[in-house]
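For reference, the structure is listed below as structure tokens.
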Amino acid sequence: MAPSRGPVSTPRKLHKTLANHKGPVHVARYAKGTAKYVLSGGQDRTVRLWNPDLGTEIKSYSAHGYEVLSLTVAHDNSRFASSGGDRQVFLWDVMTGQTIRRIPGHMGKIFAVEFNEDATVLASGSFDSTVRLWDLRSQNRQPIQVLEESRDAVQTIHVGRSYIMTGSVDGHVRTYDLRMGELRTDFIGHPVTAVVPAQDNQSYLATTIDAHVRLMDMSTGKMLNDFKGHASSSYRIRACFGHGEATVICGDEDGKVWAWDLVDVRLRFLYLSFRNADHVLAAWTCYARRHRLCFRIGPSPLTNVQAAPLQPNPPPRVHDKVITWVEHHPIEAAELITASADGTVKVWRN
């Protein structure tokens with residue numbers, strides 16, 4: 001993780017508009033590695049590969065019979081998987097533009113697909129309330145495991161090294177510990193549209209339809225902070241961490257991009273996590289050095305810290321319709337992409 005001098009400026013200068021989709025864009029993902037390319041999927045049943053620096057479309061992938069709702073890119077960028085209204089997962093060869101494999105099995109729309117670290121296993125989450133795990137090295141068309149604990153549609157999946165995290169319309173975030181064989185359930189109370197773990201796997205963001213983004217402690221299930229101000233009541237929206245995980249960024253149904261300060265939240269978490277003042281000072285000193293911050297120790301310095309939207313507050317409208325997806329560049333501090341129901345993907349820089 002790159003060092004941060006507190007909350008960095010959210011990229012808000014429009015660099016390029018990627019506008020070849022014919023209808024709403026539901027998802028946009030950066031490629032792996034240096035992330036020089038972007039994939040987008042939309043209501044027009046296509047997946048499109050872009051050069052975000054030049055703003056040009058490189059290739060279009062057409063095989064879906066229904067809308068594309070989710071994308072995931074393999075670690076080596078040679079393949080990607082897509083899903084949507086077809087009730088099957090499409091596995092693609094990036095160079096040839098052809099489908100390598102089509103994986104049926106779900107009984108409804110597939111809202112989420114995600115590779116594991118080496119793209120040997122694929123997880124898919126569906127309207128049918130199940131998550132299915134597929135061994136891509138095997139020709140067996142049956143899933144290697146079916147997770148059936150959700151009581152409503154599974155909207156989002158994250159696959160970690162030793163765990164799988166899912167978010168459902170039933171208001172629960174479920175974490176499956178693959179090593180321990182355990183299931184941990186966090187009740188959020190509102191339909192969950194996105195879960196994004198922090199890089200240290202100690203906390204995660206849960207985006208919900210009640211216009212809240214919650215920072216949750218992954219081990220205890222306690223809410224560490226609540227980010228609000230944006231409009232969200234009907235559509236699937238994804239929030240993400242900003243560069244260096246110093247901020248939280250989320251689009252909304254009014255076409256605005258919101259950002260909140262996360263540094264102060266983590267300072268409060270450090271304070272509440274340690275009983276001994278020496279431990280507080282040691283933990284705070286370590287955090288400050290990591291992020292190149294200056295600080296002053298006083299009586300109970302962190303207990304009243306609150307997250308606040310960053311300026312501009314409120315932010316300007318940058319899309320004509322709901323922003324369905326926000327993703328920060330994994331390496332560059334000054335780049336962000338947004339996808340919208342207005343049919344565009346926009347590349348933002350500082």
Side-chain angles (χ1 to χ4, degrees), residues 7 10-12 24-28 69-70 111-112 125 150-158 165-174 186-198 203-218 221-242 245-262 264-266 268-269 305-328 336-342 346 348:
T10 303
R12 292 191 179 276
V25 183
H26 299 298
V27 57
L69 298 173
S70 182
F111 291 110
S150 295
R151 295 293 175 261
D152 209 325
V154 177
Q155 291 270 342
T156 179
I157 298 175
H158 175 83
M165 179 176 285
T166 69
S168 172
V169 175
D170 67 9
H172 291 81
V173 173
R174 294 175 172 87
D186 299 336
F187 180 61
I188 308 298
H190 299 273
V192 180
T193 59
V195 290
V196 179
S203 59
Y204 67 88
L205 293 176
T207 311
T208 50
I209 283 183
D210 64 334
H212 290 256
V213 179
R214 294 170 175 85
L215 180 68
M216 307 292 294
D217 185 300
M218 192 175 288
K222 293 182 179 180
M223 185 176 71
L224 303 177
N225 211 275
D226 187 6
F227 306 95
K228 52 189 177 180
H230 60 297
S232 173
S233 61
S234 303
Y235 295 91
R236 184 179 73 162
I237 288 175
R238 178 186 190 264
C240 69
F241 290 106
E245 297 184 345
T247 57
V248 173
I249 304 172
C250 187
D252 76 358
E253 294 180 4
D254 293 333
K256 300 175 181 178
V257 177
W258 294 76
W260 296 268
D261 184 348
L262 188 56
D264 285 345
V265 177
R266 292 197 168 172
R268 182 175 70 170
F269 173 69
V305 174
Q306 296 291 327
L310 297 175
Q311 296 298 325
N313 180 22
R317 188 180 189 188
V318 296
H319 279 279
D320 293 334
K321 296 182 179 179
V322 55
I323 296 175
T324 53
W325 196 274
V326 173
E327 186 159 316
H328 199 283
L336 171 79
I337 55 173
T338 56
S340 171
D342 65 11
K346 294 187 177 183
W348 305 91

Can you list the residues that meet the side chain to side chain contact (heavy atoms under 4.5 Å, CB included) rule with P197, with sequence neighbours excluded? H158, Y163, M165, N201, Y204, M218
The criterion is ring pair (Phe, Tyr, Trp, His ring centres under 6.0 Å); which residues satisfy it with H212, sequence neighbours excluded? none
Can you tell me which residue pairs pass the salt bridge (Lys or Arg N to Asp or Glu O under 4.0 Å) test with a partner in residues 315-324, sequence neighbours excluded? none
CG/N225 to OG/S203 distance, rounded to the nearest 0.5 angstrom? 11.0 Å
Could you go through F241 and V196, starting from their C-alpha distance and side-chain angles, then the distance that decides it, and tell me whether this counts as side chain to side chain contact (heavy atoms under 4.5 Å, CB included)? CA-CA 8 Å; F241 290 106; V196 179; 4.0 Å; yes
Between P24 and T324, is there a side-chain heavy-atom distance shorter than 4.5 Å? no
Does T208 use its side chain to pair, donor to acceptor, with the backbone of P191 at less than 3.5 Å? no
Closest heavy-atom contact between V192 and G171? CG2-C, 4.1 Å
Would you compute the distance between atom CG of N313 and atom NZ of K256 and round it to the nearest 0.5 angstrom? 9.5 Å
Residues in side-chain hydrogen bond (donor to acceptor under 3.5 Å, both in side chains) with T193, at least two apart? none
Set of ring pair (Phe, Tyr, Trp, His ring centres under 6.0 Å) partners for H328, sequence neighbours left out: none
Stepwise side chain to side chain contact (heavy atoms under 4.5 Å, CB included) check, V27 with S70: CA-CA 6 Å; V27 57; S70 182; 5.5 Å; no
Between W260 (side chain) and D226 (backbone), is there a donor-acceptor pair under 3.5 Å? no
Scanning both residues in full, the closest heavy-atom pair of A206 with V173 reads CB-CG2, 4.5 Å
Quick one: are S233 and E253 in side-chain contact, heavy atoms under 4.5 Å? yes
With sequence neighbours left out, what residues match V213 under side chain to side chain contact (heavy atoms under 4.5 Å, CB included)? L205, T207, F227, H230, A239, V248, C250
Please report the interatomic distance CG(D217) to CG(D186), rounded to the nearest 0.5 Å. 9.0 Å
CG-OG distance between D252 and S232, expressed to the nearest 0.5 angstrom: 8.0 Å
Who passes side chain to side chain contact (heavy atoms under 4.5 Å, CB included) against K222, sequence neighbours left out? T220
Minimal non-hydrogen separation, P315 against R12, with atom names: CB-NH1, 3.9 Å
Keeping W325 on the side-chain end and A339 on the backbone end, is there a donor-acceptor pair under 3.5 Å? no
Identify the two heavy atoms, one from W258 and one from G229, that lie closest to each other, and give their separation to 0.1 Å. CZ2-O, 3.3 Å
Those residues at least two apart in sequence (or on a different chain) that pass side-chain hydrogen bond (donor to acceptor under 3.5 Å, both in side chains) with D170 are S168, H172, R174
Identify, with sequence neighbours excluded, every residue that meets side-chain hydrogen bond (donor to acceptor under 3.5 Å, both in side chains) alongside H26. Q43
Across all chains, not counting sequence neighbours, the side-chain hydrogen bond (donor to acceptor under 3.5 Å, both in side chains) partners of R238 are none
Distance, nearest 0.5 Å, that separates CE of M223 from CG of L215: 9.5 Å
Residues two or more places apart in sequence or in another chain: which of them pass ring pair (Phe, Tyr, Trp, His ring centres under 6.0 Å) with H190? none
I323 and side-chain contact (heavy atoms from CB on, under 4.5 Å): which partner among I237, V25, D254, V257? V257
To the closest 0.5 Å, what do you measure between CD (Q311) and CG (D261)? 11.5 Å
